[in-house]
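Whatever order the structure lists ligands and atoms in, that order sets their numbers, starting from 1.
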Amino acid sequence: MRTYRARILSFENPSSPAEYRYMSVDDEGRIVGLSRGKPAITGELVDYSEYLILPGFIDAHIHLPQLHKRAMVSDSLLEWLERYIFPAEMEFSDADFARKVAREFFSTLIRNGTTTAVVYSSPHRGATEVAFEEAMKSGMRTVIGQVLMDMNGPEELLTTPERAASDIRAVASRWHGFDGRLFYAVTPRFAVSCSMELMRTASEVADRMGLYVQTHLSEQMGEIEEVRKLFPWAKSYTDVYHEAGLLGERTVVGHAIHLSDRERAILARTGTKVAHCPSSNFFLHSGVMDLRAHERLGLTVALGSDVGAGPFLSMLEVLRDAYYANAMSPAKAFHLLTMGGARALGMEDRIGSLEVGKEADFVVINPEPLAEAGEDVEVLLSRLMILGDERNVAATYVRGRELWAQHQNERKG
Ligand code: GUN
Ligand code: ZN
């Protein structure tokens, strides 16, 4: 057992954070005590008095093969994909290269305080297996899926419904649920690059195996126009996925910007979750997602970096853009980042906040030079939300295990 002493904040309530001084974590990595005064039993005391402890950050939408393709300015989403992203993803046919990037990807996420990430791999089964192996070694919590496309892309990246089904079965049967930490997401890229048959097959396999599903929805006008041409019978973009059977409790759709209330109602009725990717939406000029409209209809919203269209791996930097997109209190922004992410994955009973009984996924934050640890909580969170980045992350823990700490690096260096 270990007890951490710090300014400990948790965001289960979107309007005011809970605050503690001590958090005790047992040897299985479960939170067994939180207190404002002295704890009853401490075990080993870890003193982070000058620091904050926050729940681990959850990135609900990120592309592993796009790590090195950030900040490639382009006229539109479809042009950006063709010019930069499809060629970048082709390189992942080389498993050694895929492993090198995957290793760097997970270690960078951890250094940024991300404890759970929902990841798009490339369209290759080999690279996806490698991504799972590296995620396992990293100690992070991850949901990963092989990107599926069978039209409107370079031949090397295309699959068939049959091959997609057998790839998913092979990889998911090995990894889905591994150590209660790794999960598989069936990942049709978006309706522009998937036939109805591929999407139906993907959703059947996901249902049968109890897998997550992730895809992109209504990100840009040109994309939406393309979907209208490809699926003229559909009432809307959302309707295409609904007809394919892809929507449901375990489905996370990225972006979801240009939606009618009718489409929002379909997402809400099916229990589909939204990954809001504000940094990416600003970068590609996709538009501003209307958070209030989503919440009015009862949608669960999480936050995603959407690296590489999003330039920032740090979810603190994504928080700043979330605030610019939709005015909100810092407590609400941190609530979306932590509880929103946990709810989007149906993991709110295990992660997303610091509460007794939950698994101890947390980030140690050095608030300096932005503020002092003893500062008023509103000021502290406001500074972190607008000015925070990787430099403020002092250590990252998943299930009570330290995956990375700044002081370790200093010792090594
Ligand atoms: N839509 C389809 N594929 C992608 C992708 O890789 N990134 C983004 N931002 N949108 C997409
Ligand atoms: Zn994306």
### Query
Quick check: does His255 put an N/O/S atom under 2.8 Å from the Zn ion (ligand 2)?
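So His255 does not count as coordinating the Zn ion (ligand 2).
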
### Message
Any N/O/S atom from Cys277 (main chain or side chain) under 2.8 Å of the Zn ion (ligand 2)?
### Response
no

### Message
Tell me which N, O or S atom from His61 is the closest to the Zn ion (ligand 2).
### Response
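Result: NE2.
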
### Query
Do Tyr120 and His63 pass the ring-ring contact (aromatic ring centres under 6.0 Å, His included) test, and can you show the C-alpha distance, the side-chain angles, and the key distance before you say yes or no?
CA-CA 5 Å; Tyr120 287 65; His63 296 259; 4.4 Å; yes

List every atom of ligand 1 that sits less than 4.0 Å from any heavy atom of [X], numbering the atoms from 1 in the order shown and giving each element.
X      : answer
Asp306 : 8 (C), 9 (N)
Leu77  : 8 (C), 10 (N), 11 (C)
Ala309 : 9 (N)

### Query
What does the angle at the Zn ion (ligand 2) come to, between atom OD1 of Asp306 and atom NE2 of His216, rounded to 10°?
170°

### Query
Would you call Glu295 and Lys332 a salt bridge, using N to O less than 4.0 angstrom?
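Salt bridge: yes.
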
### Query
What protein heavy atom is closest to atom 3 (N) of ligand 1, reported as residue, atom name and distance in Å?
Arg189 NE, 2.8 Å

### Query
For atom 7 (N) of ligand 1, what is the nearest protein heavy atom, given as residue, atom name and distance?
Trp80 CZ3, 3.5 Å

#### Entry: Verdict with supporting geometry, Lys137 and Glu134, salt bridge (charged side-chain N to carboxylate O under 4.0 Å, His left out)
CA-CA 5 Å; Lys137 289 186 217 154; Glu134 292 304 318; 2.9 Å; yes

### Query
Glu89 and Arg189: salt bridge (charged side-chain N to carboxylate O under 4.0 Å, His left out), yes or no, with the steps?
CA-CA 12 Å; Glu89 294 191 0; Arg189 177 165 224 128; 2.8 Å; yes

### Query
Are Phe132 and Phe178 close enough that their ring centers fall under 6.0 Å?
no

#### Entry: Contact partition for Glu219 relative to ligand 1, non-hydrogen atoms under 4.0 Å
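Side chain only.
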
### Task
Could you tell me whether Phe86 approaches ligand 1 through its side chain, its backbone, both or neither, with non-hydrogen atoms closer than 4.0 Å?
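For Phe86, no heavy atom sits under 4.0 Å from ligand 1.
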
### Query
What's the shortest heavy-atom distance between Pro123 and Gln146, and which atoms?
O-NE2, 3.2 Å

### Query
Can you name the closest pair of heavy atoms from Ile144 and Ser121 and give their distance?
CG2-CB, 4.2 Å

#### Entry: side-chain contact (heavy atoms from CB on, under 4.5 Å) assessment of Arg99 paired with Glu133
CA-CA 9 Å; Arg99 187 178 300 283; Glu133 287 164 20; 2.7 Å; yes

### Task
Examine ligand 1 and decide if any of its atoms is less than 4.0 Å from a heavy atom belonging to His255.
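Contact check His255 vs ligand 1: positive.
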
